[in-house]
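Letters go in sequence order (proteins before strands), and every chain restarts at 1.
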Amino acid sequence: MEREPILTIQNLKVSFTTSSGSFQVLRGISYDLKEGEIHSLVGESGSGKTVTSTCILGLLPSPSGHIDSGTITYRGKDITTLRGEALRLLRGKEIAMVFQEPSRYLNPAFRIGEQITEMLILHQDLKKTEAEEKTRDLLAQVGLGEKKDVFAKYPHELSGGMKQRAMIAMAISCGPSVLIADEPTTALDVTLQLQILHLILKLKKDFGMGVLFISHDLGVVYSISDRVSVIYAGRIVESASRDVLFSSPLHPYTRMLLLSIPDARRRGHRLKVIPGRVPEPRDIPPGCPFHPRCPQAEELCKVTTPETRSYGNGHSAACHFTEKPWNDS
Amino acid sequence: MNFALFFLKRLLRLLATLFLISTIVFFVIRVIPGDPALVIAGIDASPGEIEAIRATLGTDKPLAAQYFSWMGSLLRFDLGESLMTRQPVMKLILQRLPLTLSLAFLGIIIGMLIAVPLGVLSAVKRWSFWDYFGMAFSQAGIAIPSFWLGIILLLIFAVRIPIFPLFGSGTLAHLILPALSLGFARAAVILRITRAAMVEELGKEYIITARAKGLTEKLVKYKHALKNAMIPVITISGIQFGYMLGGAIIIEQVFSLPGLGRLFLTGIYQRDFTLIQGGVVFVAAVFSFINFLVDILYSLLNPRITLE
């Protein structure tokens with residue numbers, strides 16, 4: 001069943017202007033998100049993942065960050081130009097966010113209950129007591145039930161996992177259609193990661209939200225996603241359903257990322273790493289931005305930026321030589 | 001949060017502070033030149049008369065004996081008698097306290113009323129007219145001595161345009177101008193702290209969350225950022241208040257207000273040892289008590305601080 005995308009990002013370019021000049025962080029990024037789907041954006045640090053998520057709700061750092069061109073379409077409406085009240089009504093109510101470090105993203109001076117209740121009062125016109133009741137329900141839904149009394153606790157009184165659950169409860173409180181989760185498990189230890197992922201999966205199923213999941217951890221991405229897009233130097237270089245992407249990647253960068261996952265079956269072998277690092281936005285190499293790190297690169301890659309081509313079944317990649325045989329070793 | 005334990009710890013710290021302060025002040029005033037017996041006897045007195053006065057004052061006894069007798073009475077909450085007026089020091093202090101207390105209180109209120117809104121406005125509308133106005137104001141507030149401001153205020157609002165009384169005390173009207181001159185300098189300090197704290201809080205990650213939640217800018221700034229920004233502001237204001245209790249000496253002179261400052265100043269002029277000692281210990285105790293109150297207030301604003 002093919003569903004209509006609820007959120008479509010098209011050819012989006014975002015720049016930052018600092019005292020040392022202006023540079024483009026997102027260089028024409030395109031992806032979409034369907035209802036009830038978990039779409040993961042994967043990439044290394046510095047590839048533009050976080051900017052991708054913050055620019056959707058107009059939360060780029062002001063005044064340095066700005067959208068140069070492109071569109072963000074939510075339910076058929078371009079929201080890049082929204083300002084003020086119209087934008088505020090979208091935030092939290094239609095599109096909600098969960099951040100990487102809950103201890104920094106929760107306000108230390110207010111009780112958890114208050115931080116969720118205020119949102120319900122504002123967005124859903126609830127009375128204080130109704131909002132409080134709903135908040136307790138929400139906390140119970142994310143596994144912070146009555147007996148833990150998280151409602152009356154301050155963020156610093158909770159563990160990292162509980163804080164992230166509270167953050168998730170806050171994000172889903174107004175029944176958003178889209179949840180943007182920016183590395184929600186990165187700051188947590190492994191057992192908690194799993195719990196939080198299960199929670200996100202469960203909530204997606206219960207509420208039919210589309211989840212934009214941003215991560216650098218391919219293991220996490222594999223366990224949760226329906227679709228995966230790989231981002232490199234401010235562009236999507238490959239996008240496919242999870243199974244296709246993990247079983248038959250086309251882009252050398254994706255292939256190398258997959259090879260860099262530690263795998264128990266290959267114990268004793270040296271772990272593959274991708275040489276070099278993501279280029280800084282101010283000195284992106286010409287041609288294919290990945291060519292200096294790519295073992296397959298040829299002269300063409302140094303001069304011509306590859307177009308994104310479609311390979312059927314929603315699988316697309318931006319590489320000149322996807323047909324070239326790949327040697328894993 | 002164990003309040004009893006917190007209280008006990010604070011009490012012990014207070015006692016240690018008072019012990020140190022009283023010891024230091026006892027020896028310091030005896031090291032500086034001057035003899036209360038000479039002040040009482042006058043320049044024409046014979047050595048015999050001076051000796052007799054020393055005997056009645058008790059300053060002829062060995063230093064150690066004087067020290068232990070003073071510490072002994074302190075333990076009984078007795079600050080002793082003024083060497084000059086022969087009245088209990090405690091009574092003298094309590095007579096003057098209400099005036100100084102209301103002056104300091106009014107001063108800090110005026111200071112905060114000016115500083116907090118202006119500081120918040122400066123931070124929220126950075127590099128706007130209000131920000132520059134606030135910066136100019138705090139520069140002026142720090143640079144202008146309060147006694148000078150006091151004199152100017154008197155000249156304008158008591159002499160040229162006589163809205164306020166020139167001297168005297170007893171009504172609120174008598175306190176407005178001195179409190180204003182005190183509060184002005186306090187406002188300068190509090191304003192800078194408020195602005196800096198507010199700017200810092202507005203740059204924190206939880207502000208992004210608050211915006212992402214779809215809160216109004218009003219709530220983001222004046223609820224989420226402000227409550228956190230108030231933490232250092234309250235601390236500074238408390239310290240400033242304590243400072244004013246002992247530091248209103250010059251302003252009390254300018255406005256001829258019979259407050260604690262004038263009492264202590266007279267005591268120093270006359271080498272009234274017991275009055276000076278009692279005064280310093282009293283101010284130190286009040287100062288410690290204010291810090292204690294500030295800590296409690298602090299823990300209410302900042303839940304991460306537990307009273308321990």
Quick check: closest heavy atoms across B/Ser288 and B/Leu14, and the distance to 0.1 Å?
CB-CD1, 3.0 Å
Output the option from A/Lys93, A/Met97, A/Glu101, A/Gln115 having the highest count of non-hydrogen pairs under 4.5 Å with chain B.
A/Gln115
Which atom pairs, donor and acceptor, lie under 3.5 Å between side-chain atoms of residues 173-185 of chain A and protein residues at least two apart or in another chain?
unit_1, atom_1, unit_2, atom_2, d
A/Ser173, OG, A/Met170, O, 2.8
A/Ser177, OG, A/Tyr74, OH, 3.2
A/Ser177, OG, A/Arg75, NH2, 2.8
A/Asp182, OD2, A/Thr50, OG1, 3.2
A/Glu183, OE1, A/Thr186, OG1, 2.3
A/Glu183, OE1, A/His216, ND1, 2.9
A/Glu183, OE2, A/Lys49, NZ, 2.9
A/Glu183, OE2, A/His216, ND1, 3.3

Anything under 30° is parallel, anything over 60° is perpendicular, the rest tilted; go ahead and classify B/Trp127 against B/Tyr132.
tilted
Examine whether an atom of [X] lies under 4.5 Å from a heavy atom of chain B, and if so say whether it belongs to the side chain, the backbone or both; otherwise answer neither.
{"X": "A/Tyr105", "result": "both"}
{"X": "A/Leu59", "result": "side chain"}
{"X": "A/Glu94", "result": "neither"}

So that I can tick it off, tell me whether A/Glu133 and A/Arg136 are bridged by a salt bridge, with the cut-off set at under 4.0 angstrom between side-chain N and carboxylate O.
no
Using side chain to side chain contact (heavy atoms under 4.5 Å, CB included) as the criterion, list what pairs up with B/Glu200, not counting sequence neighbours.
B/Lys204
Check whether B/Ile207 gets within reach of chain A through its side chain, its backbone, both or neither, counting any heavy atom under 4.5 Å.
neither
